[in-house]
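Reviewing the structure listed below.
Since the model is a prediction, treat every value here as computed from it, not as a measurement. Below, chains carry the letters A, B, ... as their sequence lines are ordered, and counting in each starts from 1.
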Protein chains: 2
Amino acid sequence: MKVLSQTSKYGIRALLYVVSHPGTGQFVSIGEIAKELNLSFHFLTKIFRELTNKGILHSYRGPAGGIALAKPADQIKLVDIVLALEGDDYFDNCLLGFPGCGVEKPCPVHNFWKGIRSEIKSHLLNTSLAQLGEKIVAEEVRLYD
Amino acid sequence: MKVLSQTSKYGIRALLYVVSHPGTGQFVSIGEIAKELNLSFHFLTKIFRELTNKGILHSYRGPAGGIALAKPADQIKLVDIVLALEGDDYFDNCLLGFPGCGVEKPCPVHNFWKGIRSEIKSHLLNTSLAQLGEKIVAEEVRLYD
DNA sequence: CATATTTAAGAGTATTAATTCTTAATTAAT
DNA sequence: ATTAATTAAGAATTAATACTCTTAAATATG
């Protein structure tokens, strides 16, 4: 069940690293994150570029540069990251692939899937980077392979 | 949100066609299904081959041949089709892609995702082709684009 | 100004999923 | 037997995703 692309998975993991490792400077370098999480530096750079373009991150070039959250961590929700990286129509899917599946022309599993989708969406909408970062710091959950 | 592969989507739709169109003969030809549902004949043949190999369908070659359900439609559940086509580890995924995510080493969203996965699985486990076929025949839901 | 450090941009490559194509095998009817 | 209708098998192609590489631009420091 591949619900998120690698791009989204890496993006979320990388931002969770950022919120759970408050460094000394204003920016965290992509190289550090890639090394710590064992992700491809170039791939991560591309992902962060997208998040920067979408206004979720700020970036700064040069020595001591890197990326930083554009907003406080409790104001960035998982849904923001997912929509930025997967596209705004991420939650508009039909489980069986029917175009324009909806109340007027429902597919055979429309009602079921509508409920699941809505649960997922509302959970991602209610989960902030700050919340998950706290759980990581408290070592209740893991961030590394 | 791509939860099912095209293979699974087409497979389910095709079997729903079968249960909602009781033909005169014992077997339904793949050509008819492909034509009616506007799916690629060759692709559908490949999908059915897999379902036949997994024991969900029977097939018969030659004139008036085709495929037929190997069991009564109320005994074939959506989960059977999905597991046959996506693999038995379909429900073992971690939303964030951590290997071996589980209670011992949970990822930051493990509990949430575990719940969703279990809801999806139990619904697919409790939904038979017969049930959905009835809704299609009653025209409560659609089977065509 | 020269150099080192860092992100930006996007071209290029590799891997996987989706689809198409070709040939063979099976069966029924004539 | 021959032909037509069908599925079986798997190679070949195309498309999408994932990842890598190269070059450019920005910035800090000596």
Side-chain angles (χ1 to χ4, degrees), chain A residues 1-14 18 23-35 37-70 85-87 89-90 93 97, chain B residues 1-14 18 23-35 37-70 82 85-87 89-90 93 96-97:
Chain A
M1 181 157 27
K2 208 189 62 180
V3 177
L4 295 178
S5 64
Q6 293 288 74
T7 295
S8 291
K9 290 175 185 170
Y10 294 166
I12 291 172
R13 287 166 67 168
V18 172
T24 153
Q26 189 178 357
F27 295 97
V28 189
S29 85
I30 302 177
E32 174 191 334
I33 304 169
K35 190 180 169 194
L37 295 183
N38 199 30
L39 302 177
S40 149
F41 166 75
H42 289 292
F43 196 18
L44 193 51
T45 296
K46 196 179 221 173
I47 295 169
F48 278 156
R49 218 148 63 210
E50 189 63 24
L51 292 173
T52 300
N53 290 336
K54 290 276 165 61
I56 292 173
L57 297 179
H58 284 151
S59 67
Y60 197 82
R61 291 195 261 199
I67 58 91
L69 303 184
L85 296 175
E86 304 276 351
D89 59 351
Y90 180 69
N93 74 325
Chain B
M1 180 159 27
K2 209 191 61 180
V3 176
L4 295 178
S5 64
Q6 294 288 75
T7 295
S8 292
K9 290 176 185 170
Y10 294 167
I12 292 172
R13 287 167 67 168
V18 172
T24 151
Q26 191 177 357
F27 293 97
V28 189
S29 85
I30 302 177
E32 173 191 333
I33 304 170
K35 190 178 168 195
L37 294 184
N38 200 28
L39 302 177
S40 149
F41 166 75
H42 289 292
F43 196 19
L44 193 51
T45 295
K46 195 179 219 172
I47 295 169
F48 278 156
R49 217 147 67 210
E50 188 62 24
L51 292 174
T52 299
N53 289 338
K54 290 276 166 60
I56 292 172
L57 297 180
H58 285 150
S59 68
Y60 196 81
R61 290 195 261 198
I67 58 94
L69 302 185
V82 170
L85 296 174
E86 304 276 352
D89 60 351
Y90 180 70
N93 74 325
L96 298 182

Quiz item: Under the 3.5 angstrom rule, does the side chain of Glu86(A) hit a backbone N or O of Ser5(A) as a donor-acceptor pair?
Solution: yes
Quiz item: Roughly how many Å is it from CD in Gln26(A) to P in dT7(C), rounded to a whole number?
Solution: 14 Å
Self-check item: Minimum side-chain heavy-atom gap Tyr90(A)-Leu4(A) below 4.5 Å
Solution: yes
Quiz item: Tell me: CD1 of Ile33(B) to P of dT7(D), nearest whole Å?
Solution: 8 Å
Self-check item: Complementary nucleotide for dT20(C) - Watson-Crick or wobble, under 3.5 Å
Solution: dA11(D)
Exercise. Rounded off to whole Å, could you give me the CZ-to-C1' distance for the Phe27(A) and dA28(D) pair?
Key: 13 Å
Quiz item: Across the strands shown, which category fits Tyr60(B) at heavy-atom distances under 4.0 angstrom: base, sugar-phosphate, nothing?
Solution: sugar-phosphate
Quiz prompt | Upstream residue (5' side of DNA chain C) when Pro63(A) and Ser59(A) are each assigned their closest nucleotide | solution = Pro63(A)
Practice problem: Mind calculating the distance between CG (Asn38(A)) and P (dC19(D)) to the nearest angstrom? | Solution: 12 Å
Quiz item: Given atom CG of Leu85(A) and atom C1' of dA18(D), what is their separation to the nearest angstrom?
Solution: 14 Å
Exercise. Quick one: label Phe41(B) by what it contacts on the DNA or RNA (base, sugar-phosphate, nothing), any heavy atom closer than 4.0 Å.
Key: base
Quiz prompt | Nearest-angstrom distance from the residue atom CD1 of Ile30(B) to C1' of dA9(D) | solution = 13 Å
Quiz prompt | Atom-to-atom span, CG of Leu39(B) to C1' of dA18(C) - whole angstrom | solution = 13 Å
Exercise. By nearest nucleotide on DNA chain C, pick out whichever of His42(A) and His42(B) is the more 5' one.
Key: His42(A)
Quiz item: Could you give the CZ-to-C1' distance, from Phe43(B) to dG10(D), as a whole number of Å?
Solution: 14 Å
